[in-house]
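Here the structure is laid out as structure tokens; the discussion comes afterwards.
Chain A is the first sequence line, chain B the second, and so forth, proteins listed ahead of strands; every chain is numbered from 1. Note that the coordinates shown come from a computational prediction; the quantities given were computed from them, not determined experimentally.
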Amino acid sequence: MGKVAKKRSLADKVRKTKTSSEIKNNPFEVKINRKKFEVLGRKTKHDVGLPGVSRSKANTKRKETLLKEYKQKNKCSKFIDRRFGEYDTNMAPEDKILQRFAMERQRGHDKKDMFNLNEEEELTHYGQSLAEIEKFNDLANSDDESEEKGLLSAELTASHFGGGGGLLRRKASGDQHEDEGGHRAKSRQELIEELIQKSKQEKRQRQVQREEAQELTEKLDQDWKSIQALMVKKTPRAEQADEPEEKPKLDKYDMMVRELGFEMKAQPSERMKTPEELAREAREKLQTLEADRLRRMMGQEVGDSVQRQSHLSADDLNDGFILDKDDQKTLAYEDGKWNIGEETGEDGDEDAEEGESGEEDESEAEEQDEDGDEEAEEEGEEEGGSSEEEEEDGHSDLDSEQESEDEGRQQQEDEETSAEVEKSLSKEEVKAQQEAAKAELPYTFTAPEKYSDLKDLLYGHTPDNQRLIVARTQKCNHPSLAVGNKLKLQKMFGFLLEYIGELATRSPPELTAINKLIPELYALCQMFPDVACKALQSLLGDAAHGLEEVLEVKGHVAFPALDMLIYLKVTALLFPTSDFRHPATTPALLYISQALTKCPVRSLKDITTGLVLCCLAVEYVSFSKRFLPELINFLAGTLHLAVQDKTSLGYAVVPPFRTSGRNGDLLVLSDAESCKNWSKKELPLSATHHLELQTDLDRDQHRLMCLSTCLDLVKRCCLLYKDLMSFPQIFQPIRTLLSKYLQVQTLPEPLQELHSTILEVISAAPVTNTPLVFEKKKPIPLKLLTPKIVEVLDYGKKRGSTKDEREKERLNHKYKKEFKGALREIRKDSRFLAREKLNEVMNRDSERKRKVKELFGSLATQEGEWKALKRRKNRR
Amino acid sequence: MAPAKKRNVSSAKTTGQSVKTAKLDLDSKVERILESRKHANDVFDILEVLESEKEKDVNTAVSACSKLFCTLLERKDLFIGKLPGEEEAVSGGSGPGEKYSIFMRHRYNSCVEMLLDHLSHEAHSVKESALCCLMKFAAGEGLHPLEDLDWSEHYSFPRELIQTVVDRLLSKTTDNTLVLSRFQEFLEMEDVRFYAMSSIRDSAGKVMDKNQGAVMPIYQNNVFTLISNISMPSQESELTNFMVKQEAKHEDWKAAKLNEHKRVFERMWLGFLKYRLPSSMYKKVLVILHDSILPHMSKPTLMIDFLTAAYEVGGAISLLALNGLFVLIHQHNLDYPDFYKKLYNLLEPSIFHVKYKARFFHLANIFLSSSHLPVYLVAAFAKRLARLALTAPPAALLIVLPFIYNLIRRHPSCRVLIHKPSTEDEPLEDPYLMDEEDPAQCCALESSLWEVKTLQKHYHPDVAKAAMLINKPLSEQEEDISEVLELTVFELMERDLKQTQTKTIPLEFETASQLLQGGGNVLGQHFCLN
């Protein structure tokens, strides 16, 4: 066995010396597990084994662990680490090290440096003094080292390596000749000193040299830096090619290169967009919004509204404050100059100008800024409410925030925006304007806390000023400026709504003021859609509830007042009317329908209100082309009111209208002559609030106006609902009414035209439909016999069971595998131990044998000697 | 009676002084009258106050009267039997006790007269106290009858008093709703109710005959308020609450028999409905007919004439008559020819707008739930409803659409209305004849429900969704329309208002700058701001 062990150890040694690749290439080391057949897609880990390697690995491992344990068996002495805090788990390793270091230092300190006052202790790094390290630049240091390393003079080597030996030899020889005198010894000392001196000198020389070189390189570097820009973007080849030619005209070239170089270095700024691009962008934005609207109209759920900003930063307060890129000044050229420079220059000018006029100028600037904003906004409005304008609005908002944040900068910006306006106005005008403005409006407002506050704020101002006040209040209290502002503005939306309602209920209703406030309402709504929606919802809900209650008690209700009409219109302005379901517009439509079905028509005023409602209804469905039966009913009923002869009707009227009865002839003209000098005008909205018609002529004029509105609405409805399947059935009553009962000849020309167009449209519509069929279902596919593909994790295991069972199976399998492995390991361990024990015994036996042999040998020699002595004695 | 008159004058003076003293006065007077017969003449003072103008005085007098005469009734101090004339009694030779009782009986009668007059007083409080007092008298009379009759033959009940009270209450000129509702409380008592009902019938017959059957809105309204609120017992055992307990033969008393009650009830209603009613009254009667009249009649079939007449009227009245007819058809085997044809003709645009649409659809649902109806009929109903749906408000549409679907589900052969696959796909004009009155002739089966298809474009999302259902084969399960029957517009609106929105609210992206702008500018074209 001993032999085997020896062999193995030899083999191990050999193996250790060999590289792994060598082993793998050695066919004697490799064992290939032959596979019976190839399985596609299966990866086998164990097709090639290195039994020798693994065995030796296992062996060494056992030697390191098991054998040691075995040797330590039955031994009770222990190694204890007495270093500070070694077994303290609570201490962090860094603390431990620090503590130990401190203790170490203390120990050293106590003994020697007790009275050492001035000498600071030396700091070291890897045993080297830090002070020394600091002296050299690391660049130099490395140079130094390499130089020193490269230097292999005989002397140095002698002194370092062989030198020691030499010295020793000399010392030995010196020792030998010590008695001969100090001369020799002295010379040796001298020798050493000389050596030291020499090396020092050399060192110094080298240092000086290095310093010089360094200075030179630095200089060179600087030079290089100055011309580095020239080389940056040049391809080396071009440089080489150009070099000979360029030398004569260096100046021009230099300039050009420098310019080019700067251009390269400058950050690419956002390109100014051409008007076409801007238009295209606006159009694209509108298109996406439109697509979104269409989706909502169809009732499809939209994952993320496009209107939302696509990206929300973590700092976004969700307050509608958009930090736009354009807002931050990027470093860019404008007409070949730095934009910063220009600005500061302008600033300077402005300062110089402002120096004299002081405060007055300030207010002037502000006023003009306002004007500028106004103008810009109005321009935007004229363009037809493009989204560009929205952005502009946003920016003006932002500007204003900055104004209030930083007065100094604000002035400058104001000047910028109003620069053009300023030029166009003469100084007198400006002054007059300033004064007027000063007299009128302050620039900051506190947000109203109560409705009465808002009323007080707006009381007695012109509509334009009211709008300005609201706008300024909104700007002063932008949510990004203070914490509570958001809530304040949210409240303000409610107050504004209430205020609008109040304006509408005044007599006469102040509709122009409402009109002016609409943009502010819109802006606030864009900021707080939820609040706006809630406010309108509650208004609509209350109104509808009231309507229903009155209906319950009285059985009939009056038409909604003007304020409600305004609210309905505002709802349509603030929210999309075409959505399949919208929390604000759907109830609004329901309210309209309720009003149109439940409110009996009793006067011309009611008809006017009803027609306003119809107009609103048409507007609500104009985009989505949704069917609103109440609208058609009401229009048919209104037309019915204009029919003179109400006996034997060929059509049915729907409540709230009756075939006959009181107020049945509301729209019948009292005098056929009155339509002669009639011309189409717009009806005033206030007619729904208060209608006073003294003479018959006035009344007839109003009737004709209503009739024309009604007919126009009918026409619009016809066009809207042209594509509906039951179009002829829907418009059947109106058709019979118009063609047979309404006496058109008595009506003015434009009405007759409308009448004929309507009849044309109705009769032009297709009367035929294809029979209804269910939507084609996807045919249910036949059962196919393609294999069912199941993901298989463990091969050869039972499949198709539940997940839990499979998991259990897998665990069982793993356990078995592990168990077998453990068993194998234990067996191997015990075999190893047995081998070691046997080895021990054998060693012991062989030792004993050797000793016995020795003893026997000595005894034999003893015996032999004794016998020889004896023989000699005998011989003697 | 000269001294009495003198006293009268003086007492009138005292009452004029102050109400409080008057009240005290009256109370003390009642005490004195009851104490001894000597003060009997004080009764005149009380009756004087009873006729006073002042509301408070009258009230105090009424209470005093009730106290006085109730005690007298109890004491049997009032003359019993046929009352002789006052003068006769005074002159006639009878005992002082008898004289006193005759005197008091006369005072009692005049007091009752006054109280009956007070029933048509302007002040409600007076009416009410007078009524209460009269009913107390009635109770007293019931216990201590004033008529001297043969006890074994008759049951003691102040029938005449009740009759006069009822006559007075059912005024021809004033709306007595409040007093009538007070009177309802007394009708809780079985015997009072019984006799009141018969007297109502008599009164109605008399009054209406006198008027030659012409409509008398106030009178009829009074009668209706009284009789519509009569709560009839449903079981004999419930007859326990009597004003007057008959000592003997209580079980044989008519007022103690449920059948008699029913008969009287029935006669009362028939008597009332015999005459022409104002149309609002007609509706009111029809509304409660099935619920509170028919079950309490002994022969509900007697109502057939009334109901068929109502059904022929058309409009809302016909709709309401349906309910009663249903009860008769369902429970009493009424055979009504052309019932479905009439039902079909009831379908007009107005059914979606009337108050009783929930009731109508509930009944129509029941009528059309039979699986033995011919297909053409069901198809005609479905098609007509669909056509009418083109004019209906959303709340009604949410009823009609499931209704139509249910019809098609119940009668699978009606599926052709929404699914008519044909080889040649040529479009055709709607063959359905809306004006045809006979459902068999209206060609509904040849048609398709294009109207429902149209409603898929309805503005309200729920309606549009409901209409979308016809795109696919309908589910097997019928929809329960009872949930949506009472749906109001506000409830419909609340679905949107109450929705907890987690999503963001879509906003209009077109910037609003003017009030009249946007939405095709329809409003701006026809209306201006000033």
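Only the side chain of A/Lys598 has a heavy atom closer than 4.5 Å to any heavy atom of chain B. Proximity to chain A involves both the backbone and the side chain of B/Asp462, based on heavy atoms less than 4.5 angstrom apart. Interface remark: A/Cys525 contributes backbone and side-chain atoms alike to the contact with chain B (heavy atom separation under 4.5 Å). For A/Phe575, the parts lying near chain B are the backbone and the side chain together; criterion is any non-hydrogen pair under 4.5 Å. Residue B/Leu449 touches chain A through both its backbone and its side chain, counting heavy-atom pairs closer than 4.5 Å. Of the atoms belonging to A/Thr585, not a single heavy atom falls under 4.5 Å from chain B. At a 4.5 Å heavy-atom cutoff, the contact between A/Asn633 and chain B is made by side-chain atoms alone. Using a 4.5 Å cut-off between heavy atoms, B/Ala392 touches chain A through its backbone atoms (N, CA, C, O) alone. Both the backbone and the side chain of A/Tyr591 have a heavy atom closer than 4.5 Å to some heavy atom of chain B. Of the atoms belonging to A/Gln537, heavy atoms from both backbone and side chain fall under 4.5 Å from chain B. Residue contact with chain B, scored on non-hydrogen atoms closer than 4.5 Å, involves the backbone of A/Ala572 exclusively. Of the two parts of A/Thr709, the backbone and the side chain both hold a non-hydrogen atom closer than 4.5 Å to a non-hydrogen atom of chain B.
Interatomic distance, CZ of A/Arg581 versus NE2 of B/His460, reported as 6.0 Å (0.5 Å rounding). Rounding to the nearest 0.5 angstrom, the gap separating the CG atom in A/Leu547 from the CD atom in A/Glu552 is 11.5 Å. With values rounded to the nearest 0.5 angstrom, A/Lys625 atom NZ is found 8.0 Å from B/Lys457 atom NZ.
Salt bridge absent: B/Lys341 and B/Glu437 never bring a charged side-chain N and a carboxylate O closer than 4.0 Å. Classification of A/Lys534 and A/Asp530 as a salt-bridged pair fails, no side-chain N sitting under 4.0 Å from a carboxylate O.
Remark: B/Asp430 engages B/Lys383, B/Arg387, B/Ser447 in a side-chain hydrogen bond (donor to acceptor under 3.5 Å, both in side chains) (not counting sequence neighbours). Partners of A/Leu628 according to the side-chain contact (heavy atoms from CB on, under 4.5 Å) rule, which considers only residues two or more places apart in sequence or in another chain, are A/Leu589, A/Ala617, A/Glu630, A/Leu631, A/Tyr721, B/Tyr459.
Using a 3.5 Å distance cut-off with no hydrogens or angles, the side chains of A/Asp712 and B/Gln525 do not pair a donor with an acceptor.
Of the residues considered (B/Pro394, B/Pro473, B/Gly524, B/Pro349), B/Pro473 shows the highest number of contacts with chain A, using heavy-atom pairs under 4.5 Å. Chain B forms the most heavy-atom pairs under 4.5 Å with one residue out of A/Gln594, A/Glu510, A/His545, A/Met705, and that residue is A/His545.
Closest heavy-atom contact between B/Arg495 and B/Leu398: NH1-CD1, 4.1 Å.
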